[in-house]
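Index from 1, following the sequence.
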Amino acid sequence: MTRLNAELAFTGALPCSRQDNAAMGTLYIVSTPIGNLEDITLRALRILREAPLIAAEDTRTTRHLLDRHGIATPLTAYTDHNKRTRIPILLAHLETGDLALVSEAGTPAISDPGDDLIAAALAHGHAVVAAPGASAVLTALVTSGLPARRFLYVGFLPRTSGERRKLFASLARLPYTLIAYESPHRVRAALADAVAELGERKCAVARELTKLHEEIFRGTLPEAAAHITAPRGEFTLVIEGATGVEPAGDLDGALGDVARLCGAGYTTRDAVAEAALVHNLPRKQVYDAWLRAGR
C-alpha cells in the first residue's frame, strides 16, 4: 500500500475493497495556484511529491510550480486534445500506482478535461480524492461584494454574440449570482451582450486574480462595459442575479422557465422549484400544470 493510500485507509476514506487491493491506485485531484505560487496547501505539495506520476494540463506551468518547491515527480501531458488516447494510458497506470491530476491553474475539472479522467477512474473502480485549494470561481465570487449564498457557475461564455445573448436571456429570471469565465479577446463583446439582456445589474469584473496586476472592477454592467477598454489577462465575470419577483399567477412564464431549465440540464423537480420561486407560485401548481401540458 502506498503512503498516500495508507493515509486514506487510516482515516477510513477508502472503500473496503480498495483497502484489500493495495495494488489499485488512487486518483488525486490536486488544486494548484491560479496566480500567486504561495497559494498551495501543504497537503497538495506532499501529494505532488509522493505520487509516482502527475497528469498536467500544461506541463510547463506545472514544472515551474514543482521547481519552485523542489519536487521532481515525472509529468505527463493530459489535455483536451489528447484525452481520448491518454485516458486509457492513465487508467493502466492507476492499476498499479497513484496518479495526481492538476489543471493549468486552480481546481481540476472546472472547465477543463479533468472531469473526463475523473469519471473514467470512478467507472473503473478507483478511489478519487480531492486536495482542495485555489479556484478562480470562488475567489472572484467572495471578492465581488455580491450575494454568495447561492450562485450559478456557467463556465466559459459562448463564442458568438447570438449564443451569448441566448444564454443570458435563459438566466435572466434566476435569483442566483452568475459567474462566468471570458477571454480578453471577447470580454467587451460579452459585457455588451450582458447589458442587452440583463440591463443595469451590479457586477464585478475580475482580472488576473492573485497575480501582480490583479484588478477587480465593481459597478453596473454598463459601467463595466465602459471601463474595460484595453483588456489583458483572463477575466472572471460575477453578475447579480434577478432581484424582482414576477407577479403571482404568471403560470405561462413559469412553464417557459421550467422548459428552459430542463433544457439546460436541470431535473424536472429542481426546474419546477426554481420556476415556482421566481414566479411566486406554489410548486404543486407549477408541477401539475407541467404534467397537464404533456411535458
Side-chain angles (χ1 to χ4, degrees), residues 4-5 8 13-15 18 24-35 39-41 43-48 51 53-63 65-66 73 75-94 97-142 148 151-158 167 176-183 206 209-210 234-238 264-267 270:
L4 294 176
N5 278 349
L8 292 175
L14 285 174
R18 182 55 46 81
M24 294 285 280
T26 296
L27 175 63
Y28 289 90
I29 307 167
V30 182
S31 297
T32 55
I34 59 175
D39 293 335
I40 189 166
T41 68
R43 182 182 177 216
L45 291 174
R46 178 175 60 77
I47 291 172
L48 294 176
L53 181 66
I54 299 171
E57 186 181 15
D58 187 321
T59 54
R60 292 172 298 180
T61 299
T62 303
R63 176 52 63 195
L65 174 67
L66 298 183
T73 304
L75 293 171
T76 186
Y78 172 73
T79 70
D80 260 327
H81 301 294
N82 72 4
K83 63 185 179 182
R84 289 188 179 181
T85 57
R86 196 54 55 92
I87 285 177
I89 297 171
L90 296 176
L91 290 176
H93 169 85
L94 280 167
D98 297 328
L99 175 67
L101 171 68
V102 299
S103 63
E104 182 177 359
T107 299
I110 306 299
S111 295
D112 77 25
D115 54 353
D116 295 302
L117 177 58
I118 293 166
L122 289 170
H124 284 75
H126 296 285
V128 174
V129 176
S135 165
V137 172
L138 296 180
T139 303
L141 174 64
V142 299
F151 62 92
L152 177 62
Y153 169 63
V154 298
F156 284 97
L157 293 174
L167 174 63
Y176 309 124
T177 298
L178 306 175
I179 308 173
Y181 288 156
E182 189 52 281
S183 74
L209 284 169
T210 78
E234 298 302 317
F235 287 81
T236 305
L237 311 181
V238 186
Y266 280 62
T267 65
D270 289 343

How long is the gap from [atom1] on [X] to [atom2] on [Y], to the nearest 0.5 Å?
| X | Y | atom1 | atom2 | answer |
| --- | --- | --- | --- | --- |
| D58 | Y78 | CG | OH | 15.0 Å |
| T59 | E104 | OG1 | CD | 10.5 Å |
| I34 | T236 | CD1 | OG1 | 7.5 Å |
| L27 | I118 | CG | CD1 | 6.0 Å |
| I29 | L99 | CD1 | CG | 10.5 Å |

Under the side chain to side chain contact (heavy atoms under 4.5 Å, CB included) rule, collect the residues that match up with [X], sequence neighbours excluded.
| X | answer |
| --- | --- |
| T85 | N82 |
| A100 | V30, I47, L48, A51, I54 |
| T177 | L141, L146, P147, F151, V238 |

Smallest separation among heavy atoms of L157 and V154, with atom names: CD2-CG2, 4.2 Å

So which heavy atom on A121 is nearest to which on L94, and how close? CB-CD1, 4.2 Å

Residue pairs involving residues 80-89 (criterion salt bridge (charged side-chain N to carboxylate O under 4.0 Å, His left out); sequence neighbours excluded): D80-K83, K83-D116

Listed partners of D115 passing side chain to side chain donor-acceptor pair (under 3.5 Å), at least two apart: none

Please identify each residue that fulfils side chain to side chain donor-acceptor pair (under 3.5 Å) with S31, with sequence neighbours left out. T107

Side-chain contact, heavy-atom cut-off 4.5 Å: P33 with T210? no

In the structure I gave you, are the side-chain heavy atoms of L66 and L75 within less than 4.5 Å of one another anywhere? yes

When L101 is tested against each of L53, L117, D112, L90 for side-chain contact (heavy atoms from CB on, under 4.5 Å), which residue passes? L117

Taking only residues two or more places apart in sequence, or in another chain, which ones meet F156 in a ring pair (Phe, Tyr, Trp, His ring centres under 6.0 Å)? Y181

Result block: side-chain N/O donor-acceptor pairs under 3.5 angstrom for residues 132-140, not counting sequence neighbours:
residue : atom : partner : partner atom : Å
S135    : OG   : V137    : N            : 3.4
T139    : OG1  : S135    : O            : 2.8

Report the residues that fulfil salt bridge (Lys or Arg N to Asp or Glu O under 4.0 Å) with E182, sequence neighbours left out, ordered by chain and then residue number. R186

Sidechain-backbone polar pair: E57 side chain, S103 backbone, donor-acceptor under 3.5 Å: no

